[in-house]
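Following: one structure in C-alpha cells, then a few remarks.
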Amino acid sequence: MAENYKDTLKLPQTAFPMRANLGKREPARADHWENISLYEKIQEKNSDGPPFVLHDGPPFTNGDLHLGHALNKTLKEIVLSYKAAKGYRTPYVPGWDCHGLPIEHKVSKELQEAGKSLTTAELREKCDAFSEHWIDVQKRQFKRLGVLGDWDREYKTKNPAYEAEILRTLASFVDEDLVYRSKKPVYWSIPCETALAEAEIEYKDHSSPSIWVAFDIPDTKRFTTNKPVSIVIWTTTPWTIPANLAVAVHPRLEYALVDAGERVFIVAKELVETFVSDCGLENGVVVETVIGESLEKVESRHPFIDRASPIVLADYVTTESGTGCVHTAPGHGLDDYLTGLKYGLDIYCPVNDKGVYDDDGQIPEFLIGESVLESDRWVPANGKVLKALSESGALLKKQKITHSYPHCWRSKTPVVFRAVDQWFVALDKNGKRNKALEAIESVNWIPDWGKNRIRGAVEARPDWCISRQRSWGVPIPAFYDDEGRGHLDTNVIRGIADKIERGGTNIWFTNECESLLEGIELPDAWSGKTLTPGTDTLDVWIDSGSSHFAVLKEKDDLTWPCDLYLEGSDQHRGWFQSSLWTAVIRSGSAPYKNILTHGFIVNQDGTKLSKSEGAMTLEHYMDKFGADIVRLWIASTDFRNDVPMGDEILKTIGDAYRLIRNTYRFQISNLFDFDFEKNGMPVQELHALDRWALDKTATLASACDLAYERYEFHRVYQLCNQFCSVTLSALYHDILKDRLYTLAENHPLRRSSQTAIYHIFRTLVRVLAPVLPFTSDEAWSYFISNEDFIDEPLALQEWPSDTTMWSDETLSQEFTELLAFRDLVNEKLEGLRKEGAIGRSLDAFIELTGSDDDPTFQLLSKYHDFLEELFIVSQVALTSGSGEIAIQVTQAEGGRCPRCWRWFPDLQNGVENEQLCPRCAEAIL
RNA sequence: GGUCCCAUAGCUCAGCUGGUUAGAGCAUCGUGUUGAUAACGCGAGGGUCGUUGGUUCAAGUCCAACUGGGACCA
C-alpha cells in the first residue's frame with residue numbers, strides 16, 4: 001500500500017515548531033540569555049577584538065516604552081549584534097535620562113490632587129522614586145525586546161557620581177569664563193511666585209482690555225506732513241506699557257501716514273481701514289506711504305515716561321490684527337526679548353516676583369506697588385496705565401476683548417511673561433562656536449545632510465540659557481548675596497560636586513549654607529558677603545550632554561570619543577548638539593566619530609501617528625506579534641526616512657517572518673539524520689546544484705555584510721526575503737525534496753544536498769540573527785540539539801567566513817541560463833495544467849529539440865542527467881534538430897512509481913500490482 | 001512663517017556618475033498539490049516614476065516652482 005511506502009521515505013523531522021507563538025515564547029529566551037550571561041560571554045569572546053563603542057542616548061524615564069523607543073534601541077542592537085559577530089569588542093552601557101519637567105510636573109500634579117504640599121527635598125524624593133519605577137519597567141521591556149547590554153552598569157543621570165560629572169561640566173564652562181547672568185522672559189505665575197514651563201500652561205478664554213496707543217515721533221521733518229506724527233501700537237496688556245522700549249515694524253510691509261485732522265498716525269497700509277474705523281477717525285486720509293525698513297531706528301517717545309522708544313524691524317510682525325506696529329517690551333515677551341537682544345535694548349522688567357512694579361527709579365510713582373495680576377475685573381496696574389495714557393493723549397481707543405490666554409495650571413490664574421535673571425553660557429566667547437563648527441567637520445554624519453542640519457543649529461543657537469526654575473534637576477551651585485547678585489566659582493562648583501558625589505544632590509536642598517561650603521576654599525571676592533544658595537536647576541540638556549564624560553571617560557573599556565551615536569534626527573538640535581558643546585568646551589573636540597540618525601514612525605499613509613496609536617505601548621506589540629516581528633518591521637524599512645507603520649505593513653511583515661521561519665524549519669528538519677562530521681562532504685565534491693546554492697549563499701552573505709556595514713538593514717531584509725522565497729523555496733528546496741525524501745539515507749546526492757543545507761542554514765541564521773535574534777537562536781538550538789535551549793547560543797557564533805570559498809562564477813552563469821530556460825518550461829507546464837492534462841509537474845514528460853550549435857542546447861545537453869530534477873518532471877529527452885529550441889510537454893506515459901511519484905515508461909501503474917521504480921527499489925533495500 | 005528631509009506598482013524596497021519596452025519580494029487574481037500542510041509550487045494582471053515647467057539629441061535619474069508628508073525652530 002502507498003501508505004507503507006510513505007513510511008520508507010526520509011521525510012523531514014524536527015521539534016522546531018512551525019507556529020512561532022512569539023508573544024508567549026520569547027520572554028523565556030530572553031530570560032535564558034540573561035541566566036547564562038550571554039552579554040558577558042559575547043564580550044569575553046571578543047575581548048581582544050577592536051573596540052566598537054556605541055554610546056547610548058538615554059530615554060526619558062516617565063512611561064512605558066512605545067514603538068519609537070523600539071525603533072531606536074533595535075537599530076542600536078542590530079548594529080552591535082552585527083559588529084559583535086564580526087569580532088568587535090562591543091561594550092554597551094544603556095542609560096536613563098531621569099531629571100526634568102515632565103516628571104516633576106506629573107508628580108506635582110498627583111500631589112496636588114491628593115491635597116499634599118511637600119518641601120523641595122520631599123518632592124525630589126517622589127520624583128526619584130517615579131523615575132526609578134519607570135527605569136525598572138523600561139529595562140524589563142528593553143530586555144523583552146532582546147536588547148543585550150551591560151544592564152548592571154547602566155547609567156542614570158540622577159546617580160550622584162553622574163550628577164557630580166554634570167557639575168564638573170558646568171565648572172569647565174566657568175573655567176573658560178563663559179557663564180554669565182542676564183535676564184530672559186519666562187512664564188510667571190504670580191500667586192505661586194514661580195516660573196512655569198510650556199507644559200504647565202493651560203489656555204483659557206480671558207477678557208482683557210484692548211488698546212490703541214500713539215507714540216509720538218518728534219522728528220517730523222522726515223515726512224512730507226508738518227503735523228505731529230505718531231506711530232500707533234495695539235496691545236491687550238496695558239501693564240506692559242511701562243516696560244515698552246521699542247516699536248517693531250515689518251521691514252517689507254508698507255506703512256501709511258494717516259492724516260486724521262490734527263494729528264498724523266502711522267499704521268500698516270493694509271490695516272488703515274480697520275484702524276480708522278476701530279478708532280473712529282472718520283476723516284482719516286492716507287497722505288504718504290513708507291516702507292517699514294525706512295523707519296528703522298526712527299525715534300518715538302514713550303507716552304508717559306521720559307524715554308525714547310525707537311522703531312525696530314522684526315519679521316514676526318503681521319497684519320492679522322492690530323496696527324502692524326508692535327509694542328515691544330523685551331522683558332515681557334519672547335519675540336520682544338529676541339528683538340531686544342538684536343538691537344541691544346535693555347531686557348527691562350520692572351515687575352518683581354510678586355507681580356508688582358518695583359521702584360527702580362524709572363517707574364512713575366503712581367504705579368509703584370501696583371499688581372499686574374490679570375483678572376476679569378479691575379486690574380489696578382492696567383487701570384492706572386490707561387489713566388496715564390489717556391491724560392497724555394496717547395490713548396486713541398480702548399475696548400474689551402476676549403481671547404485665549406495662558407493660565408497657571410496650579411493657581412488657574414492668568415500668567416504673565418516676565419524677564420528673570422538666568423544663567424547663560426556665552427557660545428561665541430574664546431572662539432567656542434568656531435571650535436564647535438570645526439568639530440562638526442571631523443564627524444561622519446549619516447545621512448550626510450545631518451551635517452548641514454547640526455551646522456545650522458550650532459550657527460543659529462543664541463547663548464545657552466542653562467538655568468531653570470525647577471526642582472527635579474541638578475542644582476546650580478550658585479550663591480546669592482544680599483543684593484541678589486549671583487556668584488559662581490569653579491572651585492566651589494567642584495567642591496560641591498565632590499560632596500554631591502558622596503551625598504547626592506539632595507544635600508543642596510537640605511543642608512545649610514555653611515555646611516554646603518564647609519571645607520571649600522572660597523574666592524576672595526566672596527569674603528564678607530552673606531550668601532544664600534540658589535534654587536535654580538540646570539537645563540537637562542547639560543545632564544544628557546555630559547554623558548560622554550560621565551560614561552565614556554569613566555569606564556576603562558569604553559572609548560572617548562566613541563564610534564557611534566544613533567538617535568532620531570531631532571537630536572541634531574538636542575543631544576548631538578548639547579554633547580558637542582560640552583565636549584568642545586571641556587575637551588576641545590567632538591565626543592563621537594559617527595552620527596547615525598533615524599526618522600520617525602508615521603502612519604502607513606505618511607501622516608503623524610495619532611495620539612491613541614502613539615500611546616500604544618511596545619509591550620502591546622510584543623505580546624500580540626512578538627519582538628522579532630517588531631524588529632523585522634524595523635529592519636524592513638529605510639529608517640533614515642520616515643518609518644511607516646500600519647495593519648497592512650504588520651501583515652506583510654508577518655508573512656515575511658513565516659517565510660523565514662519555514663525556511664529555517666525546512667532546513668533543520670531535513671538534517672535530522674545528518675551529522676556533518678560523519679556525513680558532510682567537501683564542497684568541491686558536491687553536486688552542481690548544491691554548489692550553485694552555496695554560490696548563491698555566498699553572494700547573499702557578502703551582500704548582507706555590505707548592507708550591515710552601511711547600516712542599510714532594509715537591504716538585508718530584502719535580500720534574505722528574496723533568497724528564502726526565490727532561491728530556496730521556489731527552486732532549491734523544491735528540487736531537493738525528491739533527493740532528500742526518496743534516496744537512500746547515505747546516497748551521495750542526498751548527503752551532498754544535506755551538506756549544502758547545513759552550510760546554508762548556518763549562514764542564513766547568522767546573517768539574520770541581528771534582526772531576528774529570538775527566532776534565529778531558537779532555530780539554532782533545534783539545529784544543534786533539537787531542543788529549545790542550549791548553553792551556546794547563536795550569538796556566540798562568528799559571522800560566516802567560509803562563504804567566499806563557495807563562489808563559482810562559471811557555475812553561476814550556467815545556472816542563470818538554465819533557470820531562465822526553466823521559466824520557459826514552467827510556462828509550458830502551466831499550459832498543460834490549465835488543460836487538465838497534468839497536475840503536478842512530475843506528471844510531465846519534456847522533449848527538447850534544438851540545434852547542436854546552439855549554446856543553450858549545448859548547456860542543456862551538458863546537464864542532461866540533471867534536467868529532470870531541475871524541472872521537477874519525470875523525463876526529459878533531448879533531440880537534435882535545428883532552429884530555436886522547441887519545448888514539447890506531454891503527459892508522462894507508463895506507470896507512476898507509488899513511492900517517488902515519478903513516471904517510468906516500463907512501470908506498471910496499478911494499485912493491485914504495485915511496482916517500484918529501480919531507484920526506489922534500491923533505496924528501500 | 002523659517003531651515004532641513006522625503007515622494008518609483010496595494011505594501012516594503014532596487015534603479016550607480018542622465019541612454020534600449022522602469023525591476024524585485026510580498027500582497028492580489030487564477031491554478032496545482034496535500035510527503036515543509038495554519039505549509040509549498042506554477043501562471044497572470046498591476047506603475048504616464050507626486051504635479052508643472054526647464055536643461056539636454058535623451059530625465060525616474062539634473063535644475064526650478066508647486067503639492068502632499070515629516071523633523072526641528074518660530
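Sequence lines set the chain letters: A, B, ... in the order given, protein chains first and strands last, and positions in each chain run from 1.
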Exercise. Mark up nucleotides 61-70 of chain B, 5' to 3', with B wherever a protein heavy atom is under 4.0 angstrom from a base atom, S wherever such an atom reaches only the sugar-phosphate, and - elsewhere.
Key: --------SS

Practice problem: Return yes if the base of B:A36 and the side-chain atoms of A:Arg665 contain a donor-acceptor N/O pair under 3.5 Å, otherwise no. | Solution: no

Practice problem: Test for a donor-acceptor pair under 3.5 Å between the base of B:A36 and the side chain of A:Ser729, counting only N and O atoms. | Solution: yes

Exercise. Enumerate, in order of first residue number, the stems that involve RNA chain B, defined as 3 or more consecutive Watson-Crick or G-U wobble pairs with both distances under 3.5 Å.
Key: B:1-7 with B:67-73, B:10-13 with B:23-26, B:28-32 with B:40-44, B:50-54 with B:62-66

Check the interface with nucleotides 26-31 of chain B: list each N/O to N/O pair with the protein under 3.5 Å, or write none.
unit_1, atom_1, unit_2, atom_2, d
B:G30, N2, A:Glu830, OE2, 3.2

Base, sugar-phosphate, or nothing for [X], non-hydrogen atoms under 4.0 angstrom?
X        : value
A:Arg19  : base
A:Gly839 : sugar-phosphate
A:Arg899 : base
A:His733 : base
A:Pro447 : nothing

Residue [X], side-chain heavy atoms: nucleotide from [options] that is nearest:
X        : options             : result
A:Gln718 : B:G43, B:A36, B:A24 : B:A24
A:Gln722 : B:G25, B:U12, B:G35 : B:G25
A:Asn641 : B:U12, B:G41, B:C5  : B:C5
A:Ile649 : B:C11, B:C42, B:A36 : B:C11
A:Thr742 : B:C11, B:G35, B:C42 : B:G35

Run the ring-ring contact (aromatic ring centres under 6.0 Å, His included) test against [X] and tell me which residues pass, sequence neighbours left out.
X        : value
A:Trp575 : A:His55, A:Tyr565
A:Trp633 : none
A:Phe424 : A:Tyr180

Quiz item: Roughly how many Å is it from CG in A:Leu842 to P in B:G32, rounded to a whole number?
Solution: 17 Å

Quiz item: How long is the line joining CG of A:Asp638 and P of B:G15, in whole Å?
Solution: 10 Å

Quiz item: Can you tell me if the side-chain N/O atoms of A:Arg840 get under 4.0 Å from OP1 or OP2 in B:U34?
Solution: yes

Quiz item: Would one find a side-chain N or O of A:His714 under 4.0 angstrom from OP1 or OP2 of B:A14?
Solution: yes

Quiz item: Does A:Glu459 come within less than 4.0 Å of A:Arg433, counting only side-chain N to carboxylate O?
Solution: no

Quiz item: Are the charged groups of A:Arg833 and A:Glu830 less than 4.0 angstrom apart, N to O?
Solution: yes

Practice problem: Answer yes or no on whether A:Arg661 is positioned over the face of A:Phe16, meaning its NZ or CZ is under 6.0 Å from the six-membered ring centre and within 45° of the axis. | Solution: yes

